[in-house]
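Proteins get letters first, then strands, A, B, ... in listed order; numbering begins at 1 in each. It should be emphasised that the depicted structure is a prediction, and the values quoted were computed from it without experimental measurement.
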Number of protein chains: 2
Amino acid sequence: MGRWEPNAQSRLRQAAMDLYASRGFERTTVAEIAEKAGLTERTFFRHFADKREVFFAGSERLRELLVATVTDAPVEAGPAQAVAAAFESVAADYFPPVAFSRQRQSVIDANISLQERELVKLHAVAAELAAALQRRGVSELRAAIAAESGVAAFKVAFSRWINDPDDRELSTHMREALAELRRAA
Amino acid sequence: MGRWEPNAQSRLRQAAMDLYASRGFERTTVAEIAEKAGLTERTFFRHFADKREVFFAGSERLRELLVATVTDAPVEAGPAQAVAAAFESVAADYFPPVAFSRQRQSVIDANISLQERELVKLHAVAAELAAALQRRGVSELRAAIAAESGVAAFKVAFSRWINDPDDRELSTHMREALAELRRAA
DNA sequence: CTATGCGATGACAGTGTCTGACATCATCGG
DNA sequence: CCGATGATGTCAGACACTGTCATCGCATAG
């Protein structure tokens, strides 16, 4: 593989996470991350498109899982049901322990540029979910609304999960958010 | 006021918009914008927090309008009704002609960093709408869902408005999106 | 065993965004 | 006319990110 030690990418990620957590995101330079990982700044940018991308390694997998679940939903399921089931499924299985998510989120909440990236990832999820629904024959409007409102419910559920003093499960919050979404109409 | 010509801020905005539209966002530098406006790069950053902010001058007013409308909604209106009415109201009154919005959006669609900023603005709208609803006595969950799903409907409506070959009104699309949102539940 | 190609890294220069610090100039109130 | 105030200019600099080419290790063919 590499010229020196293996696992360059995960070493960079680890170094970045450590420094972001201790000094904060803005106050750590890419050069420092690379040095801590025993690599150069240039190599960091070969593994991550930019300084923020280190945070969002798992988002690709999340997106794939959601899309696959919606695509494989039973034929008789409507778009809203398919999306809701997909989010309930990943909420139950996919996410790391709440302590880890809380630390990660505290770094993100402290930096607008990280929030920007997070919102873009969620927007991409919505767009792909809508596309998956359209492939199932759902109209553009119906697909878009189902996907966007599902993501909206997830945003609310995730935030409440992170801030829940009672440490209830993410899947519980997701069900609550979806129930409230249905009730609102 | 200024040392030289007046209206520095609007001159900068005009110059930026012109250059963004002709050369594209990434291929125009802040120095070029400033020069075209007869100012220096440093002055540009005194009027706009960053290169992207030029695009989002109106978003503050949009946010204020929405929050005010929700705050002033009749007491008997539920959270979802208040939010829906607010979006229908601004959709009918606030937005520029579709041709202008289309050109603006084409620049944004061509640049992820601009989309990031746009999503942050919408997220801020959702957060403030939720806060306004809570001030009306609505529970946190109910307020968050009403605000986020309202923003979700607006995103869909706006996109469909921009891409509508029949040039139907934004308010029409907004009503359609809200109707679909209610129907989905 | 050697040559050769390939993929990952290093080295280096450069561009562009954004910030801090200080000087300068116009206008306005006294 | 003078000093305060606010907007601008000037300059230096940090830092993110990119392009380019050299270098090194590994695998594989011969």
Query raised in the report: Listed by chain and number, what are the salt bridge (Lys or Arg N to Asp or Glu O under 4.0 Å) partners of A:Arg136, not counting sequence neighbours?
Result: none
Report task. Check the distance between C:dA8's P and A:Leu12's CG and give it to me in whole angstrom. Result -> 14 Å
Report summary line: note: A:Leu39, atom CG; C:dA11, atom P; distance rounded to Å ~ 11 Å
**Report entry** ring pair (Phe, Tyr, Trp, His ring centres under 6.0 Å) contacts in which one or both residues fall within residues 136-158 of chain A, not counting sequence neighbours
**Finding:** A:Phe87-A:Phe154, A:Phe95-A:Phe154, A:Phe95-A:Phe158, A:Phe154-A:Phe158, A:Phe158-A:Trp161
Report task. Please round to 10 degrees the angle between the axis of the first five pairs and the axis of the last five pairs in the helix from C:dC1-D:dG30 to C:dG30-D:dC1. Result -> 0°
Query raised in the report: Residues two or more places apart in sequence or in another chain: which of them pass side chain to side chain donor-acceptor pair (under 3.5 Å) with A:Glu116?
Result: B:Arg52, B:Arg117
Query raised in the report: Hey, is the side chain of A:Thr43 poking within less than 4.0 Å of OP1 or OP2 on C:dG10, counting only N and O atoms?
Result: yes
**Report entry** A:Glu35 CD - C:dA11 P separation (whole Å)
**Finding:** 12 Å
Query raised in the report: Can you check the B:Glu53 CD to C:dC18 P distance for me, whole Å?
Result: 10 Å
Report task. Name all pairs fulfilling the side-chain hydrogen bond (donor to acceptor under 3.5 Å, both in side chains) condition that reach into residues 69-85 of chain B, sequence neighbours left out, sorted by first residue then second. Result -> none
**Report entry** Side chain B:Arg46 and base D:dG9 donor-acceptor under 3.5 Å
**Finding:** yes
Report summary line: Residue pairs passing the ring pair (Phe, Tyr, Trp, His ring centres under 6.0 Å) test with at least one member in residues 23-43 of chain B, sequence neighbours excluded, are B:Tyr20-B:Phe25
Query raised in the report: Looking only at side-chain N and O atoms, does B:His47 come under 4.0 Å of OP1 or OP2 in D:dA7?
Result: no
**Report entry** Per-nucleotide protein contact string for nucleotides 12-17 of chain D, where B marks a base within reach and S marks sugar-phosphate only (heavy atoms under 4.0 Å, - for neither)
**Finding:** ---SSB
Query raised in the report: Are side-chain heavy atoms of B:Phe48 and B:Leu12 found at a separation under 4.5 Å?
Result: yes
Requested in this report: Quick one: list whatever passes salt bridge (Lys or Arg N to Asp or Glu O under 4.0 Å) with A:Glu169, sequence neighbours left out.
Outcome: none
Query raised in the report: Listed by chain and number, what are the salt bridge (Lys or Arg N to Asp or Glu O under 4.0 Å) partners of A:Arg46, not counting sequence neighbours?
Result: none
